[in-house]
Engineer: 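First, the structure itself, so that you have it in front of you.
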There are 2 protein chains.
Amino acid sequence: METEARTMSVAGNSSPRDPDKIAEIFRAAARIFNTKGFHATSINEIADAVHLTKAGLYYYIQGKQDLLYRIMDYAMDALEGEVIQPAESIADPEERLRAIVAGHANLITQAGVHELTILVNELEGLSPEQRRQITERQAHYVDLVRETIDTLKARGRVHDVDSTVGAFGLLGMILWVPRWFDAKGRLSSQEVADQLTELALRGLLREPA
Amino acid sequence: METEARTMSVAGNSSPRDPDKIAEIFRAAARIFNTKGFHATSINEIADAVHLTKAGLYYYIQGKQDLLYRIMDYAMDALEGEVIQPAESIADPEERLRAIVAGHANLITQAGVHELTILVNELEGLSPEQRRQITERQAHYVDLVRETIDTLKARGRVHDVDSTVGAFGLLGMILWVPRWFDAKGRLSSQEVADQLTELALRGLLREPA
DNA sequence: AGGTACCTTCCTACCGGTCGGTAGGGTGGC
DNA sequence: GCCACCCTACCGACCGGTAGGAAGGTACCT
């Protein structure tokens with residue numbers, strides 16, 4: 001029934017909708033979802049933000065929940081492209097861990113990246129199947145961090161810490177940043193990213209001496 | 001207007017409502033708010049959880065938002081009583097910092113303490129005035145951590161890290177725990193609290209040698 | 001050039017349903 | 001008879017979503 005237009009697209013583009021407009025909607029929705037929360041945001045607010053009526057907005061989206069899912073999926077794409085894949089190509093585990101922390105911290109401190117925050121705060125707004133898909137992708141990321149720590153552990157390069165606690169401790173530091181960091185404040189995003197990287201790695205790694 | 005019943009209580013108890021029932025409502029509401037989010041939770045769900053109708057529930061509460069505020073206020077009381085005040089009575093800054101991290105991590109890994117999670121996740125559900133009051137109390141806590149780090153810094157006991165980044169990095173690790181920790185899982189809450197304490201303090205403090 | 005068929009885009013007007021909250025009354029114990 | 005407690009029944013507001021059509025562009029035909 002509803003699969004016809006979206007999954008088939010029979011030969012040729014099935015959806016001629018303006019990709020720029022869709023991107024604008026995504027950005028506006030991500031900003032408002034992140035500010036007020038998914039459930040507290042009405043479709044009308046998003047429509048207003050992109051200068052459309054609710055019905056006009058529905059020309060571009062399939063529903064409120066689907067909009068959320070697509071934003072989160074896009075955010076996972078960004079995280080994979082900017083952090084995960086670059087890190088996976090680094091063989092040395094210490095360098096790799098440093099690349100993950102620095103890369104993720106850099107990404108999350110940049111202005112306007114509301115998708116990454118939604119990615120961890122609005123999971124309960126998804127359907128069970130959608131949530132499963134997103135959390136599965138997130139789990140791969142956590143596994144990468146945990147395995148990197150385990151590799152370092154096997155080489156005696158880290159203190160005696162459970163790799164799960166280490167991975168989530170590290171991620172907690174980074175994912176908490178949007179709650180307090182102000183891009184217009186005293187510290188630059190680069191400074192925060194650098195300091196967090198040092199803080200996290202110093203907590204984990206042994207002194208090379 | 002609305003202050004009459006609450007702040008005056010004219011001579012004698014103004015509200016004869018059963019405190020046990022109110023506590024039961026608080027606990028149930030905190031659990032559901034924490035599971036589904038404040039806005040996604042209906043008053044009817046809370047009423048069902050305590051075996052009342054919606055109107056019956058309203059005999060005990062002043063409104064949905066007021067219920068949220070009281071839960072968060074109670075959570076701040078708990079945090080102050082269990083973590084902040086005990087820590088403030090410790091003169092040595094290193095001991096004090098350890099007491100904060102260990103105490104907070106211990107508190108947050110305990111089963112059923114949904115209020116502490118709500119405290120940081122549902123602030124946008126409050127009215128501006130209510131939010132101001134809660135965030136003011138939270139700011140005092142952050143100041144305590146920051147000042148403790150600054151004191152240690154003045155004594156050359158910490159690495160060169162901005163105390164704001166250090167404080168929020170540390171708090172991020174702790175406040176992230178409810179997102180991944182499973183009380184029925186492999187690790188005990190004590191183990192997690194201990195390991196996080198070591199992880200956080202090692203990232204901040206210099207080796208005593 | 002004018003007609004017309006079709007397309008994308010966006011609107012007004014409306015739907016059923018749920019929300020937070022309340023009016024007013026019943027009931028049982030003291 | 002009073003009061004604490006809890007109910008049924010209802011309210012207006014707002015929600016996500018849709019039906020159906022208007023506006024305006026374009027492309028092709030005569």
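All chains are named by letter (A, B, ...) in the order of the sequence lines, taking the proteins before the strands, and each is independently numbered beginning at 1. The analysis underlying the following values was restricted to heavy atoms, covering all of them including side chains, and did not include hydrogens, waters or symmetry mates.
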Engineer: If you check the Ala55(A) side chain, which of dT12(C), dG16(D), dC5(D) turns out closest?
Structural biologist: dT12(C)

Engineer: Under 4.0 Å between a side-chain N/O of Tyr60(B) and OP1 or OP2 of dA4(D), yes or no?
Structural biologist: no

Engineer: From the set dC11(C), dC10(C), dG21(C), return the single nucleotide nearest to any side-chain atom of Tyr59(A).
Structural biologist: dC10(C)

Engineer: Which residue, Thr41(A) or Leu52(B), contacts DNA chain D at a nucleotide closer to its 5' end, judged by nearest heavy atom?
Structural biologist: Leu52(B)

Engineer: Checking Arg202(A) side chain against Leu204(B) main chain: does a donor-acceptor pair fall under 3.5 Å?
Structural biologist: no

Engineer: Quick one: does Lys54(A) reach the base of dG17(D) with a side-chain donor-acceptor pair under 3.5 Å?
Structural biologist: yes

Engineer: Rounded to whole angstroms, how far apart are NE2 on His39(B) and C1' on dC15(D)?
Structural biologist: 14 Å

Engineer: Tyr69(B) and side-chain hydrogen bond (donor to acceptor under 3.5 Å, both in side chains): which partner among Gln133(B), Gln130(B), Gln62(B)?
Structural biologist: Gln133(B)

Engineer: For Tyr58(A) and dG20(D), give me the distance from atom OH to atom P, rounded to whole Å.
Structural biologist: 18 Å

Engineer: Does atom OH (Tyr74(A)) have a neighbourhood of more than 12 heavy atoms from anything else shown, all under 6.0 Å?
Structural biologist: no

Engineer: For Ser42(B), report the nucleic acid contact type (base, sugar-phosphate, nothing); a contact means any heavy atom under 4.0 Å.
Structural biologist: sugar-phosphate

Engineer: Could you tell me the separation between the CD1 atom of Ile22(B) and the P atom of dC6(D), rounded to a whole number of Å?
Structural biologist: 11 Å

Engineer: Taking only side-chain nitrogens and oxygens of Thr53(A), does any of them come within less than 4.0 Å of OP1 or OP2 of dC11(C)?
Structural biologist: yes

Engineer: Tell me: CZ of Arg17(A) to P of dC7(C), nearest whole Å?
Structural biologist: 13 Å

Engineer: Using whole Å, report how far CD1 of Ile43(B) lies from P of dG20(C).
Structural biologist: 5 Å

Engineer: What is the distance from CG of Leu67(A) to C1' of dG16(D), rounded to the nearest Å?
Structural biologist: 13 Å

Engineer: Could you state the CD1-P distance from Ile61(A) to dC10(C), rounded to the nearest angstrom?
Structural biologist: 14 Å

Engineer: Establish, yes or no, whether a centroid distance under 6.0 Å links the rings of Phe38(B) and His39(A).
Structural biologist: no

Engineer: Can you check the Asp20(A) CG to dT8(C) C1' distance for me, whole Å?
Structural biologist: 15 Å

Engineer: Whether the side chain of Glu80(A) engages the backbone of Gln85(A) through a donor-acceptor N/O pair (distance < 3.5 Å, no angle test) should be reported.
Structural biologist: no

